A.B. asks: 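Following this message is one structure expressed as structure tokens.
Convention: sequence-line order gives letters A, B, ...; per-chain numbering from 1. Below, each value reflects all heavy atoms present in this structure, side chains not excepted, and no hydrogens, waters or symmetry copies. A quick note: this is a predicted structure, and the numbers were derived from the prediction, not measured.
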Amino acid sequence: MNIKLLKQESPCRWRMEKYGPMRVDALFFGNKDIILELDDTTVSQVRDVASLPGVVGQVCAMPDAHSGYGFPIGGVGAFDEKHGVISAGGVGFDISCGVRTLTTGLKKQDLITCDAKLADLLFKRIPSGAGVGGDIILEGDQLDEMLLGGASWAVGQGVGKPEDLGRIEGNGRNNFADPCKVPLKAKQRMRNQMGSLGSGNHYLEVQYVEEIYDKAKAAAFGIGIDDVVVSIHCGSRGLGHQIAKDYLPMMAKAAPGFGIKLPHKDIACAPINSELGRDYLGAMGAGINCALANRQAITHLVRECFTDTLPQADLRLLYDVSHNTCHREEFKINGKKKNLWVHRKGATRALGPGHPELPREFKKHGQPVIIGGSMGTASYILSGTKDSAEISFSSCCHGAGRVMSRAKARKNFKGNKIQKELGRHGIIIRTGSFKGIAEEAPLAYKDVDMIIESTQTAGIAEKVARLRPILCIKG
DNA sequence: ATGTCC
């Protein structure tokens, strides 16, 4: 982008003062290279969000920002609860897509002789791929019960341990969920998809802790050097997708009736206090619960796989955090505490130390923030900062961020070659789709290390540990 | 992201 449009506030913080239809400023995070490479669509999408009714504070673009449907991926927009809007495009198609990381009590040496066997078993037991379902079938009322209860429903079914729930954003359940507002078709698509990974950038990785940046925080999070961990990156499968697909046109159609002039046809939204806004909120909350239940169900399958191969393992949930959500949260605007609807699309919640929503063990150091890298590259565990409440509505980046379209990646890379290449670096890939592997090639993404450095320099999260993949199950 | 175009 044209850097002259921005005022550099600090090495990785750049302010665009509001102009034209913008109601608030925009804040871009990243080093100079990242800012220079932001494409025009992403920037204009940030300006569109800053032009919506009831937007407050500043709209943020994370270092991994790129263009999305209407609303940028890596974007944060907060709206006043009286006059603001809720946007289906501001949450994204994969509602509550997120990452959870489990500790195992194992060291990387424990896996040397059985990594391939573990990879085969995980690939066999955990359904992956587009449109692929699993053995869990939700019949009759079970689907609505899942949509209402989230991960806590799953634990009630014997899927996982009660202590998992305290380690999930919102204790594993979204209170705004209203299954009645979820389109029937969305429910039908989900009946056989519980406990499945999906495709695209979703994965299940067994990783080890390669580096620790903050010993005290790492100890509080329960991780040490060479520890084996498991990370699960997935979302609400066909259900979330169908909710977005159905609500987007409804919002676009209804906008003029609410007196909203949409800055772009794709950035559909409805007043949070309208019937349609509330309906979407109920459906989205159900979508969040679906994703939380899904990651819980997959966790259960992972535990079974470890019991079969490495029975000494003890899989405990470190944390589960989503990066496609809209939550009601309290922030100070012009010195006054206000309830806001915070959209985070491709942005991770990162609560700072002392935040009332954090479990006791994380109060001192801030929320564990899990950042999934692209396939074959590093992932990170960060911690939330106090300052991020003021700077970014307690949000930070969510991953590496694409630099190449899926189509372009398919042309440039061959899936089987990528698999072999990663194999030479000691990373086992199991997949049902070589096309998917090509689309997810490491070079189709920005350098995650650079994204993390910029995130830390911007002051919105701090490095705790770097994870390196041992094996990866790809959809 | 997605029964990868109802």
A.B. asks: In whole angstrom, give the distance that lies between atom CD of E439(A) and atom P of dT2(B).
C.D. replies: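 To the nearest whole Å, that distance equals 12 Å.
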A.B. asks: What contact category does G198(A) fall into here, base, sugar-phosphate, or nothing, at under 4.0 angstrom with non-hydrogen atoms?
C.D. replies: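 Here G198(A) touches the backbone only, sparing every base.
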A.B. asks: Just to be sure I understand the rule, does Q193(A) reach a base, reach only the sugar-phosphate, or reach nothing, if contact means heavy atoms closer than 4.0 Å?
C.D. replies: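 Since only primed, P, OP1 and OP2 atoms lie under 4.0 Å of Q193(A), the category is sugar-phosphate.
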A.B. asks: Of the candidate nucleotides dT2(B), dT4(B), dC6(B), which contains the atom at the shortest distance from the side chain of K435(A)?
C.D. replies: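 The closest nucleotide is dT4(B).
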A.B. asks: Search all heavy atoms of S231(A) against all heavy atoms of L467(A) and return the closest pair with its distance.
C.D. replies: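 Nearest heavy atoms, S231(A) then L467(A): OG-CD1, 4.3 Å.
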A.B. asks: Which residues pass the salt bridge (Lys or Arg N to Asp or Glu O under 4.0 Å) test with R47(A), not counting sequence neighbours?
C.D. replies: none
A.B. asks: Figure out the CG/P separation between D246(A) and dT2(B), and round it to whole Å.
C.D. replies: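 Atom-to-atom, D246(A) to dT2(B), this comes out as 16 Å.
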A.B. asks: What is the separation between atom CD on Q242(A) and atom P on dC5(B), rounded to the nearest whole Å?
C.D. replies: 14 Å
A.B. asks: Would you say a side-chain N or O of R237(A) is under 4.0 Å from OP1 or OP2 of dT2(B)?
C.D. replies: yes
A.B. asks: Are W341(A) and F393(A) close enough, and set up right, to give a ring pair (Phe, Tyr, Trp, His ring centres under 6.0 Å), and what steps lead you there?
C.D. replies: CA-CA 10 Å; W341(A) 288 98; F393(A) 296 104; over 10 Å; no
A.B. asks: For S236(A), report the nucleic acid contact type (base, sugar-phosphate, nothing); a contact means any heavy atom under 4.0 Å.
C.D. replies: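 Nothing, no nucleic acid heavy atom in range.
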A.B. asks: Listing request: all side chain to side chain donor-acceptor pair (under 3.5 Å) pairs with a residue in residues 140-153 of chain A, at least two apart in sequence or in separate chains.
C.D. replies: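 Every pair satisfying side chain to side chain donor-acceptor pair (under 3.5 Å) with a residue in residues 140-153 of chain A: D144(A)-K187(A).
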A.B. asks: Let me know the distance between CG of N192(A) and P of dT2(B), rounded to the nearest Å.
C.D. replies: 13 Å
A.B. asks: Taking for each residue the nucleotide of DNA chain B bearing the nearest heavy atom, is the 5' side occupied by H241(A) or by K245(A)?
C.D. replies: H241(A)
A.B. asks: Are H323(A) and H233(A), when compared by the centres of their aromatic rings, separated by less than 6.0 Å?
C.D. replies: yes
A.B. asks: Please determine whether a side-chain nitrogen or oxygen atom of K185(A) lies at a distance below 4.0 Å from atom OP1 or OP2 of dC6(B).
C.D. replies: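 It does not, given that no N or O in the side chain of K185(A) lies less than 4.0 Å from OP1 or OP2 of dC6(B).
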A.B. asks: Does a side-chain N or O of S199(A) approach OP1 or OP2 of dT4(B) to a distance below 4.0 Å, or not?
C.D. replies: no
A.B. asks: Within this structure, what is the OH-to-P distance between Y69(A) and dT2(B), rounded to whole angstrom?
C.D. replies: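 The answer, rounded to whole Å, is 17 Å.
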A.B. asks: Once you round it to whole Å, what is the distance between C1' of dT2(B) and CE of M190(A)?
C.D. replies: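 Checked: the CE to C1' distance equals 13 Å.
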A.B. asks: Given atom OH of Y247(A) and atom C1' of dT2(B), what is their separation to the nearest angstrom?
C.D. replies: 19 Å
A.B. asks: Can you check the R406(A) CZ to dC5(B) P distance for me, whole Å?
C.D. replies: 12 Å
